Amino acid sequence: MSETPLVEMTGIDKAFSGNQVLTKVAFNVKKGEVHALMGENGAGKSTLVKILTGIHPRDKGQIKINGEEVSFTNPKQAEAKGIVVIHQELNIIPHLTVTQNMFLGKEITYGKTGILNHKKMKAETVKNLHALGVSNIDPDDLAGDLSVGKQQMIEIARALATNAELIIMDEPTAALTDREIESLFKVVNALRTEGVSFVYISHRMEEIFELCDRITVLRDGQFIGTEKIVETSLEEIVKMMVGRELGERFPSRDHNIGETIFEVTNLSSKEGLFRNISFGVRKGEVLGVAGLMGAGRTEVMETIFGYRKKESGTVTLNGKLLNTKQPSNLIKAGIGFITEDRKTKGLVLGSTIRENIALTNLSTVSTNGVISKSKEKSLVNELIKQLKVRTTGSEQEVKSLSGGNQQKVVIAKWLGIEPKVLILDEPTRGVDIGAKKEIYSIINELTKNGVAVIMISSELPEVLGVSDRIMVLHEGKITAFLDRDEANQENIMMAATGGSKA
Amino acid sequence: STEAPGSDDSDDTSEGSGDSDVKIGLSVSTLNNPFFVTLRDGAEAAAKEAGYEIVVSDAQDDPSTQLSDIEDLLQQDIDVLLVNPVDSDAIVSAVELANDAGVPVITVDRSAAGGEIVTHIASDNVAGGEMAGEFIAEKLGNEGNIVELEGIPGASATRERGEGFHNIVDAIDGIEVVANQTANFDRSEGLTVMENIIQSTDGINAVFAHNDEMALGALEALDAQGLLEDVIVVGFDATDDAVAAVDEGRLDATIAQQPALIGEYAVDAAGKVVSGETVEEFIPVELELVSQ
Amino acid sequence: MKRFITNNISIIGPFIGLILFSIILGVLSDSFFTVDNILNLLRQISINALIAFGMTFVILTAGIDLSVGSILALGSALTAGLLTSGMDPLLAVFIGLIIGLVLGAVNGLVITKGKVAPFIATLATMTIYRGATLVFTDGRPITGLSDSFTFEMIGKGYVFGIPFPVLLMLVIFGILFFVLRKTVFGRQVYAIGGNEEAAILSGIKADRVKIWVYSLTGMLSVLAGIILTSRLNSAQPTAGTSFELDAIAAVVIGGTSLAGGKGRIVGTLIGALIIGVIDNGLNLLNVSSFYQQIVKGGIILLAVLLDRRQSK
Amino acid sequence: MKRFITNNISIIGPFIGLILFSIILGVLSDSFFTVDNILNLLRQISINALIAFGMTFVILTAGIDLSVGSILALGSALTAGLLTSGMDPLLAVFIGLIIGLVLGAVNGLVITKGKVAPFIATLATMTIYRGATLVFTDGRPITGLSDSFTFEMIGKGYVFGIPFPVLLMLVIFGILFFVLRKTVFGRQVYAIGGNEEAAILSGIKADRVKIWVYSLTGMLSVLAGIILTSRLNSAQPTAGTSFELDAIAAVVIGGTSLAGGKGRIVGTLIGALIIGVIDNGLNLLNVSSFYQQIVKGGIILLAVLLDRRQSK
Ligand SMILES: Nc1ncnc2c1ncn2[C@@H]1O[C@H](COP(=O)(O)OP(=O)(O)OP(=O)(O)O)[C@@H](O)[C@H]1O
Ligand SMILES: Nc1ncnc2c1ncn2[C@@H]1O[C@H](COP(=O)(O)OP(=O)(O)OP(=O)(O)O)[C@@H](O)[C@H]1O
Ligand SMILES: [Mg+2]
Ligand SMILES: [Mg+2]
């Protein structure tokens with residue numbers, strides 16, 4: 001079939017300040033197909049998208065849309081040609097309402113007056129969200145008050161609402177739980193039958209095979225190949241991405257678990273986001289925490305860590321009561337917290353990798369207040385190596401790292417403190433399959449050395465694959481504890497949606 | 001030591017320019033006030049007349065700026081320094097610097113509390129304040145309520161003019177200062193503050209403003225309320241605006257310090273000093289009450 | 001109801017503050033709650049309010065404009081110059097406003113095209129414009145303006161017993177309120193302040209919007225200056241000195257966040273009223289000028305603390 | 001080499017600017033490059049530099065401090081008061097510095113515990129502290145200070161032919177440079193400015209750090225004030241008015257971002273030098289004070305534009 005593809009990119013080169021990011025990349029999307037774009041963190045997926053939509057200028061190469069050569073200089077032009085993007089970084093404006101965000105830059109006005117038609121926009125917003133099966137978002141809520149997941153749904157709804165010919169989704173599901181993903185896929189499939197094309201970027205293998213028609217793989221900014229999904233297999237794709245066999249997805253967990261060292265009792269939130277949370281974690285155990293978006297998992301952990309105010313409840317480590325007034329206390333006690341939202345809470349984006357990693361380890365790399373360059377350097381380089389962070393060196397700004405590598409930096413800064421208890425909130429969000437495995441094995445290593453791990457994850461396969469025990473939250477209440485062997489997708493979802501205790 | 005190294009030989013720097021003609025440095029406290037602008041103009045005119053070179057700097061009412069200004073002036077091998085101090089005490093160290101550099105110092109309009117001064121040319125603020133007080137007292141027949149519009153709190157003109165004014169009125173039982181508020185020497189504040197005072201106080205018979213700007217602002221406030229006729233308004237400085245207002249009979253009086261004259265005298269004195277003639281250590285510039 | 005509160009939370013604090021201070025003053029001075037004094041007070045705040053309205057837009061874009069006072073001075077001086085040269089008052093005023101627009105646009109250009117932080121850019125232009133004013137006026141006030149009824153009207157006139165400057169302030173408030181709440185432009189202002197990157201990705205021409213915002217502020221500053229000139233019958237070279245502080249204070253007291261993206265122009269009006277009430281009250285009570293500053297600063301702090309939730 | 005440049009990019013712009021202006025001045029005025037004038041210039045900038053050093057810390061935490069000038073005035077007035085009461089100069093100075101520390105800490109507390117935006121918080125304290133100064137001094141300068149050698153030394157003294165204030169400035173620069181570059185505290189200052197949330201979640205006590213930063217600035221302001229007092233033989237109630245602007249200008253010209261988290265104290269020193277050179281040069285060249293403002297503003301703009309990459 002030799003019909004001209006909707007989008008055809010050929011020989012695309014791109015370098016950021018000397019650092020070659022894309023070389024001779026070819027990529028094309030046919031009408032009415034869902035085309036997966038895969039590759040490790042830093043492979044250049046987002047960059048390729050940004051070049052297509054004119055956010056970054058390209059160094060070399062050609063872009064054709066419906067056969068005609070184009071070169072956009074700003075995203076508005078791409079949109080005019082029917083191309084919209086859901087960017088990997090959230091582009092929500094916190095102080096604006098859901099409706100206002102939904103119609104940002106394409107407000108509905110009374111004719112050409114420039115006067116806003118609030119009613120119409122609000123109605124449309126509700127309609128668009130319902131189309132995605134989202135009913136628990138009030139169009140008048142401030143977007144900033146919503147959970148990452150809900151914000152992501154808004155962006156998706158916003159993109160789907162435009163009658164675009166091509167919708168590019170850069171890791172849209174990173175912040176979503178199965179329920180939202182399901183409804184998202186429904187909509188995508190519906191639109192596909194109407195002839196809308198999609199570029200779909202994700203690190204979740206299952207999704208690719210469930211949703212996509214073709215797949216293009218990048219590695220280190222090189223074009224590796226384009227395959228028909230039906231003619232390929234997970235192993236083959238992984239091989240294309242990483243360049244080698246990866247073997248088992250989850251490392252085997254076969255070490256003995258000790259007694260309970262970390263205990264949370266009757267914890268309740270001041271903001272009323274959760275009530276009476278009680279659980280314990282044992283030495284060397286991984287406690288998985290599952291739940292739907294907005295269940296309050298993050299809030300529970302942030303409260304334990306002293307970042308949010310608690311109403312009541314206690315937190316103890318080795319029977320010692322911990323003061324949860326401020327994070328520094330818990331860090332001193334040996335508790336680490338890898339936050340869900342790395343950009344706003346995890347990293348100082350403008351600073352170097354070194355400065356970010358050192359931040360949690362200032363006491364160890366300094367003697368009475370004075371930092372020792374050598375100690376700092378060795379610690380940082382040590383961790384960069386251990387986590388295989390893809391970087392030009394410890395002096396690179398984390399801003400310019402790919403999403404996945406940023407996540408590794410966050411993990412690195414917490415491994416530095418050699419925690420007794422480590423809390424991970426969506427630790428593999430936006431992380432490629434190779435890196436995921438590395439993170440799993442890090443978790444394994446930690447537990448082997450007796451660290452107690454709490455891992456929030458919205459990826460059920462991950463929860464099932466890594467946890468020894470699974471705690472499920474629903475609307476701020478614990479609805480189930482499931483042991484590794486009794487747990488499965490069904491009973492977790494049941495509990496997560498508020499169904500009777502499993 | 002507290003003496004600048006080589007400060008004693010710093011007059012050697014004048015060797016470079018062997019020309020005989022006189023170079024005068026003039027440090028003015030501020031040029032954001034018409035009074036001192038006129039003073040500067042007077043000085044510049046006189047200098048032009050006599051064929052002297054004159055270098056002017058504006059301290060913007062900040063003693064530390066003035067110190068820097070004078071340090072910089074001394075770098076330019078001036079033959080004599082005319083200083084219009086922002087503050088009498090603060091200026092002393094600047095004067096001492098000049099003394100060390102062997103540059104004769106003449107103070108203008110406001111005196112210096114220390115250092116060697118060849119001569120002082122002024123008509124002082126306290127006397128002016130007293131003059132205003134007497135004028136008002138006389139007009140009121142020693143009976144009535146006065147509003148005092150003060151200058152920038154802490155500024156020397158505010159202090160001295162207020163002091164002089166109070167020397168007179170406080171001594172008279174029949175006269176009461178019913179309100180004294182700052183309008184920061186600013187005309188628009190003179191307007192608003194006066195408006196507010198009118199709201200709260202009845203039976204105002206007279207207004208004394210520490211400068212003409214505020215007086216002219218107050219005029220507008222009184223005018224708007226139709227009070228201008230029965231209220232006596234006295235300003236200070238005799239700026240062109242104020243004198244005009246006096247001629248129109250809107251402003252009752254203003255105290256003229258004749259800034260142009262001060263500037264002129266200063267330059268003449270400077271010329272004398274350079275050519276070795278002796279001068280009186282105080283050259284008064286008579287105050288003048290401008291009224292109809 | 002809850003929705004109403006959350007929508008208006010940002011201005012409830014300042015509003016309570018305003019009521020509070022007014023009541024206190026009413027008790028302390030019986031001249032406070034007189035019709036005369038209220039009108040007088042409104043006329044006094046009109047100048048600061050007009051500037052603060054513009055400043056609200058600027059701050060909503062996460063910017064700041066320190067040059068408003070200097071623009072006010074330069075604009076009024078030039079307008080006064082035109083008037084003394086015998087030009088028709090309305091034309092002179094119009095030209096004056098255009099000058100303000102241009103001076104503001106210069107700020108906008110330096111900030112957007114020159115990529116200079118607003119604070120430092122307008123700090124520089126503040127000095128430059130002030131210098132230009134002093135040069136133009138030779139440091140002397142410009143007087144002998146046209147005594148045309150029209151020009152007198154602007155500052156001193158009354159319409160149905162309401163001072164003209166007050167009407168002007170209210171009309172412009174109405175317009176700007178509408179612009180911020182109901183127009184695409186207003187929406188873009190909020191978006192830029194909330195997250196400029198995202199706004200640009202949504203196709204908003206941030207630079208252009210910002211330039212307009214600074215131009216608007218320049219124009220409003222000159223308008224305020226013209227009112228002042230008309231009231232004083234003269235243009236002062238030092239007019240407007242440190243007006244920027246009162247304007248910014250009004251905006252922030254009104255609950256608008258200096259981080260941008262969040263705030264209401266109603267709040268600014270209330271903020272301007274609070275400041276006006278303070279100044280007016282201190283005069284009515286004849287508080288010593290030394291203590292005035294302490295009291296004023298204290299009250300401003302209090303007003304903002306009443307509103308702390310916002311400044312988070 | 002490349003590494004060196006990228007490390008120092010933020011100060012290269014201003015540095016070139018400084019050299020440029022100096023050369024121009026050297027050409028235009030032969031009194032510029034005299035030992036006398038250079039020392040004189042350094043002594044003049046020492047006051048602004050000391051304040052600007054503190055301001056650098058504040059701005060690095062994404063804050064701002066408008067109250068430095070008032071703290072300077074209040075601190076010097078109280079110190080002068082102690083001196084006239086016959087207290088030992090060194091003790092008086094020490095107490096003065098502590099007072100500065102406390103006044104700064106108050107700013108810090110209002111900002112952190114009161115959750116008030118730094119701009120408005122210090123705008124309020126600026127007014128309050130100024131008022132307090134006027135009350136304490138009753139609007140009169142405090143004179144007749146101890147003519148003790150020690151106190152004279154602080155402002156007027158020389159050590160090995162170098163003015164004492166200059167030495168003081170350099171020593172303190174050295175210390176603060178070390179603190180920012182090599183200590184945990186310095187690192188925390190940068191982190192808070194870069195991303196406060198992340199800093200707190202990494203166990204940094206942001207509030208405490210900020211309070212210290214404002215305290216430091218308060219103390220440095222008083223130190224500057226004491227130098228001024230010693231130089232002027234008196235404490236002025238109006239001292240330090242609008243010093244905050246020069247200090248902020250120095251910091252920003254020095255390439256420190258007002259958004260916080262990025263900047264170097266070396267830059268601030270250069271910034272202070274540039275401002276000093278401008279003022280000194282304009283005087284040497286006898287530029288009319290009206291034009292001075294235009295030129296000064298223009299040069300500041302130029303300096304920042306040379307450095308635009310940073311202000312992005
Ligand atoms: N603005 C930038 N400046 C410098 N380097 C950049 C910039 N943006 C991206 N890069 C580099 O380009 C490379 C590709 O980044 P990109 O975000 O496209 O990867 P990605 O495939 O999207 O990875 P991920 O799956 O983690 O999102 C990375 O090495 C990153 O460091
Ligand atoms: N800053 C905030 N202000 C108000 N409500 C918030 C805020 N952050 C989160 N919430 C609400 O708290 C609840 C928990 O949100 P959160 O996303 O943290 O839960 P979660 O289980 O971690 O979900 P996710 O998987 O998306 O992180 C949601 O209802 C969310 O809307
Ligand atoms: Mg990406
Ligand atoms: Mg979460």
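In what follows, chains are A, B, ... by sequence order, proteins preceding strands, each numbered from 1. Just so it is clear, the model here is predicted, and its values are computed rather than measured.
- Using modelled atom types and a 3.5 Å distance limit, the side chains of A/Asn128 and A/Thr125 yield no donor-acceptor pair.
- When only modelled atom types and interatomic distance are considered, A/Ser402 and A/Gln406 share no side-chain donor-acceptor pair under 3.5 Å.
- Contacts between A/Ile115 and chain C at a heavy-atom distance below 4.5 Å involve backbone atoms as well as side-chain atoms.
- Put simply, the side chain of C/Tyr190 gets close to the backbone of C/Gly263: a donor and an acceptor are under 3.5 Å apart.
- When the candidates A/Asn91, A/Asn117, A/Asn101, A/Thr109 are compared by the number of heavy-atom contacts under 4.5 Å with chain C, A/Asn91 comes out ahead.
- Between chain C and the residues A/Gly114, A/Pro75, A/Gly105, the most heavy-atom pairs under 4.5 angstrom are made by A/Gly114.
- The contact between A/Leu104 and chain C is made by backbone and side chain atoms together, counting heavy-atom distances below 4.5 Å.
- With hydrogens and angles ignored, the 3.5 Å screen pairs a side-chain donor or acceptor of C/Thr217 with a backbone N or O of C/Gly54.
- For C/Ile204, the part lying under 4.5 angstrom from a heavy atom of chain A is the side chain only.
- For the set A/His95, A/Lys76, A/Glu79, the entry with the most heavy-atom pairs within less than 4.5 Å of chain C is A/His95.
- Each of C/Gly203, C/Ser202, C/Gly194 has some count of heavy-atom pairs under 4.5 Å with chain A, and the biggest count is that of C/Ser202.
- For chain C, the option among A/Arg158, A/Gln100, A/Glu107 with the highest count of heavy-atom pairs below 4.5 Å is A/Gln100.
- Judged by distance alone, the side chains of A/Glu171 and A/Ser202 never bring a donor and an acceptor atom under 3.5 Å apart.
- Between C/Ala250 and C/Ala272 the shortest heavy-atom distance is CB-N, 3.7 Å.
- Between chain A and the options C/Val179, C/Leu201, C/Ile200, heavy-atom pairs under 4.5 Å are most frequent for C/Leu201.
- A pairwise comparison of heavy atoms in A/Met169 and A/Leu184 identifies CE-CD1, 4.0 Å as the closest pair.
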